[in-house]
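One structure is given here, and the rest of the page talks about it.
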Amino acid sequence: MSEFVKAPLEPMPLSDSILNILSQLDASTGDVKDAITMPPEVYTSEDWFEFEKRAIWDRDWICVGHTGLIPEKGDYVSITINDDPLLVLRDKEDQIRVMSAACPHRGTVIGEERGNTKNTFACPMHAWTFDLQGKLCSAPEMEAHASLDELRKDHCLPVIRTEIWNGFIFINLDGEAKALAPRLKRLSAEVANHHLGEMGAVPTIDWADNPWNWKYMHENAIEPYHTRYLHKGVHDFAPSKLATFAEWDEADDGAVFHPTGFLELDGNFTESYKSLYPTIETLSENERKRVMFACVLPNLFFGAVPDGLLHYIILPQGANNITLRVGFLYPKSTMALPDFYETLPKVVDGLSIYNDQDVVANKLVHRGLKSRFANRGRYAPKEKTLPQFNQWLIKRYKTYADSLSKNSEKKRTVA
Ligand SMILES: [Fe+2]
């Protein structure tokens, strides 16, 4: 089972409406002074989302969790990326593996939300079992039709290619993506002192049924323009005037990120505006006085704060809805503190103050984008990260569309 599955979705023909959107994208990149927002259909069209599933979600590195969630051999968590239920686990050899959770017999989804299994996963429907490498181990009453060896040829759980960056586990469904880490050089340097790969994780919480597009979640999270207005008062400890930006670097384009400074050391998104846990010892004074916001595209957003890291894994439910998997990482020494779990609800409550305001605003944006009067607006200086995000998207949209037209040309030539 050393081979990873390559399982891209069937290519889709480019309809006139998709070609029309593709022809309008260039105006959304370049200098923030001149760029305008993306066509509204990019956020609202289910056809466009089907295109994105192929152009981005099949071809890039998708975050499925953090190694801190599965510290022991046999630990696993379940996650569904678009239509694919997956098991993310630590096998008996201490290797992180991600495999399909759809039973190859009749499709039943295997595995609880999270747990630990010593040897096998069992399908709840007909009790077929699979080991932690996806190999079929038993299939009750099947002897009359096929031996176990015969069944194993096409009834094992497909194992998906993975890469781990700073403890975050990423998968690549088409098996062709270039390595992720070399495209995260600058961000890796920015968060090196957090030692994210060594952190522990608390069980994630799913906030479901958020009626807006997955891309808008990043946009809200990565632009500091709105914090002064939507989060007036509660965001003043991290004023938008202290936000700084990096220039876009096409050779290091795995993430869009920017820091926002705090007025005081060890600020945080809590009711007291201060960190509730001990500051990470290895941080510089500058790092204690800022939050580093980063979108590792397409579906991980995090804020590296002085005592740990908060993150969202964005799980689209189509073009018009997302589930947010919310998680927190901390040094293991912090998680060993006797009052760690007593304090944790206050951390979640703190984040909720901002999230509740963002939920209201994001719903309003999505409603507006569906209007026939939706406009392609100009960006403000503090929205510099948004044309950068657009650049990341458009490059991938165009690469995929070009590959389709090249393929169809090839087919025509052969015919
Ligand atoms: Fe916000």
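Both ligands and their constituent atoms are indexed starting at 1 by order of listing. Every value quoted in this text rests on a predicted model; they were computed, and no experiment measured them.
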(request) Compute the centroid of each ring, for His311 and then for Phe328, and state whether the two points are separated by less than 6.0 Å. (result) no
(request) Tell me, please, whether Trp57 has Arg54 positioned over its six-membered ring: NZ or CZ under 6.0 Å from the ring centre and within 45 degrees of its axis? (result) no
(request) Classify the angle between the aromatic ring planes of Trp214 and Phe389 as parallel (below 30°), tilted (30 to 60°) or perpendicular (above 60°). (result) perpendicular
(request) Identify which protein N/O/S atoms are less than 2.8 Å from the Fe ion (ligand 1). (result) His226 NE2, His231 NE2, Asp358 OD1, Asp358 OD2
(request) Check whether more than 12 heavy atoms from other residues, nucleotides or ligands sit under 6.0 Å from atom CD of Glu112, and answer yes or no. (result) no
(message) Quick one about Trp248 and Thr29 (side-chain donor to acceptor, distance below 3.5 Å, no hydrogens or angles considered), yes or no?
(response) no
(message) Does the structure place the NZ or CZ of Lys135 under 6.0 Å from the centre of the six-membered ring of Phe130, at an angle of no more than 45° from the ring's axis?
(response) no
